[in-house]
Amino acid sequence: MDDRVACTMVDFMQMKAFAESPLVLTEGRGIRVRDVGGRWYVDGLSGTFCAGLGHGNAGLAEAGAAQLGRLAMACPTLATNDRALELVDVLLGLLPDRYSVIKLLSGGSEATESAMKIARQFHKQTGQAGKFKILSHYRSYHGGTGHAVAASGWPAWRAPYEPLAGGFIHLHTPDPFRPPFDGPPWAMTPEAVGAAYLRLVEETIELEDPRTIAALITEPVFTSAGVVVPPAGYLAGLRELCDRHGILLIFDEIITAFGRVGAMFAAELFGVWPDILCLGKGMSGGYAPLSAVVISRTIADAFWGEPHDLIQFHSGHTYGSNPVACAIGLAAVGQIRAGRLDERAQALGDRLQAGLRNLQAGVPGIGDVRGRGLLVGVELVADPATRERFPAALEVGLRVRDVARREGLLLRASHWMIVLAPPLTIAEGEVDEVLDIVGRALDEVLVGATGAATSVG
Ligand code: PLP
């Protein structure tokens with residue numbers, strides 16, 4: 001083993017376990033990445049949901065190289081740059097007219113963090129200083145920085161850093177696979193589940209006092225919660241509640257935008273537009289750190305004034321609007337549009353989901369296959385009839401991940417889920433290759449685990 005691996009802290013993972021079975025990547029081509037030992041894997045997760053345009057993409061590399069030789073850095077506190085202006089123009093052209101200003105940043109957490117700050121500052125500058133609370137969902141993920149962690153909703157990612165910033169209130173994840181009431185899960189239609197969760201949101205707003213609530217931030221598809229697609233009407237219901245109570249609606253589309261869910265934006269897919277839209281990951285195809293906060297005209301107007309008014313946004317980051325990142329972003333968005341990769345993600349995502357559902361018929365333990373476009377999750381259950389999960393100690397999802405890696409596929413897993421989000425450029429035959437490996441991995445792990453689960457239970 002390379003001793004340096006133990007000196008590198010990888011995200012979220014236990015270093016000891018990683019050092020015992022490290023993955024050190026050296027190059028990538030198309031949907032595949034190669035490790036230091038020369039083994040190739042299908043990148044079933046597109047980096048982390050960002051390399052939608054595949055690896056070794058010459059157009060993106062050239063766009064970056066050309067800009068590096070032209071202007072690599074423009075001081076973000078004194079200037080903007082031509083590439084940033086072009087990118088803002090392209091993005092606004094893709095979005096409805098209600099948006100007028102974009103803040104370019106370098107990571108998803110910077111975007112969500114800034115969105116929440118903008119929401120609070122907006123209310124302070126429009127005579128509603130009492131509005132400061134932020135609503136978000138349990139099991140969501142909005143990033144690793146202070147407010148982003150406070151808004152995120154998995155205890156394991158929050159507890160080590162408590163006490164977190166105050167004023168963050170959590171709502172229940174609107175999970176149609178796991179309705180909130182007793183009784184057989186299929187007894188409630190998804191619409192009834194959505195309506196039930198909306199009633200809880202409404203009650204929370206009333207109990208917290210809407211005059212104290214600045215914003216509600218939500219992923220339109222809850223990836224970290226287990227690729228939970230909210231029931232029909234849920235997002236529209238949030239929009240209505242926010243409008244009624246003067247609460248700004250923020251969509252965290254760090255994962256879902258730029259074709260991933262079969263549309264350029266999940267907002268477009270669900271027909272619900274927020275007041276503030278956070279973009280990242282796929283915007284640069286993963287070739288540069290790049291993110292954006294898209295702000296509605298009404299909000300932006302509250303930040304326009306004289307220097308002595310002190311109503312400008314008092315925050316920023318060194319790599320915000322970076323010209324190299326913006327040049328790559330322009331090339332990436334151009335490729336997504338020219339290749340109609342949103343439509344492609346829809347078609348190939350349907351193929352992936354259909355293939356996984358076929359597996360469901362033959363492999364015990366596949367409880368649910370869900371997602372949109374090429375963002376797909378498989379929930380693993382010990383008993384499909386009751387939807388009871390496997391005991392966490394069996395780590396079935398993690399074992400599926402490990403077998404898939406052994407067989408040449410990288411995917412994301414928790415003990416009860418596996419998640420697939422391959423590059424949007426994946427070919428039909430490659431989808432089938434992914435399905436073949438996933439099928440074998442599920443078979444190897446679940447056939448044993450369902451027996452073990454029965455004996456444990
Ligand atoms: N929001 C969502 C939905 C994410 O999945 C992530 C990262 O995975 C973030 C925000 C934070 O983005 P970053 O890791 O680029 O800071």
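The structure displayed is predicted, hence computed values, not measured ones. Remember, it's 1-based here, ligands and their atoms both numbered in the order they're listed.
Looking at Met73 and Asn322, their side chains come closer than 4.5 Å, going by heavy atoms from C-beta outward.
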Please produce the table of protein N or O atoms sitting under 3.5 Å from N or O atoms belonging to ligand 1, one pair a line, distance to 0.1 Å.
{"from": "ligand 1", "atom 1": "1 (N)", "to": "Tyr141", "atom 2": "O", "distance (Å)": "3.4"}
{"from": "ligand 1", "atom 1": "1 (N)", "to": "Asp252", "atom 2": "OD1", "distance (Å)": "3.2"}
{"from": "ligand 1", "atom 1": "1 (N)", "to": "Asp252", "atom 2": "OD2", "distance (Å)": "2.7"}
{"from": "ligand 1", "atom 1": "8 (O)", "to": "Lys281", "atom 2": "NZ", "distance (Å)": "3.0"}
{"from": "ligand 1", "atom 1": "12 (O)", "to": "Ser109", "atom 2": "N", "distance (Å)": "3.4"}
{"from": "ligand 1", "atom 1": "15 (O)", "to": "Gly108", "atom 2": "N", "distance (Å)": "2.8"}
{"from": "ligand 1", "atom 1": "16 (O)", "to": "Gly108", "atom 2": "N", "distance (Å)": "3.4"}
{"from": "ligand 1", "atom 1": "16 (O)", "to": "Ser109", "atom 2": "N", "distance (Å)": "2.7"}
{"from": "ligand 1", "atom 1": "16 (O)", "to": "Ser109", "atom 2": "OG", "distance (Å)": "2.5"}

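Screening Pro289, Ser291, Ser321 against Ser106 for a side-chain contact (heavy atoms from CB on, under 4.5 Å) leaves a single residue, Pro289.
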| request: Apply ring pair (Phe, Tyr, Trp, His ring centres under 6.0 Å) to Phe270 and Tyr234, showing your working. | output: CA-CA 10 Å; Phe270 294 112; Tyr234 183 75; over 10 Å; no
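Geometrically, Arg389 engages Trp416 in a cation-pi contact, judged by NZ or CZ lying under 6.0 Å from the ring centre and within 45° of the ring axis. For the pair Arg139 and Phe222, the cation does not sit on the ring face, since its NZ or CZ is not both under 6.0 Å from the ring centre and inside 45° of the axis.
Judged by distance alone, the side chains of His147 and Glu113 do bring a donor and an acceptor atom under 3.5 Å apart.
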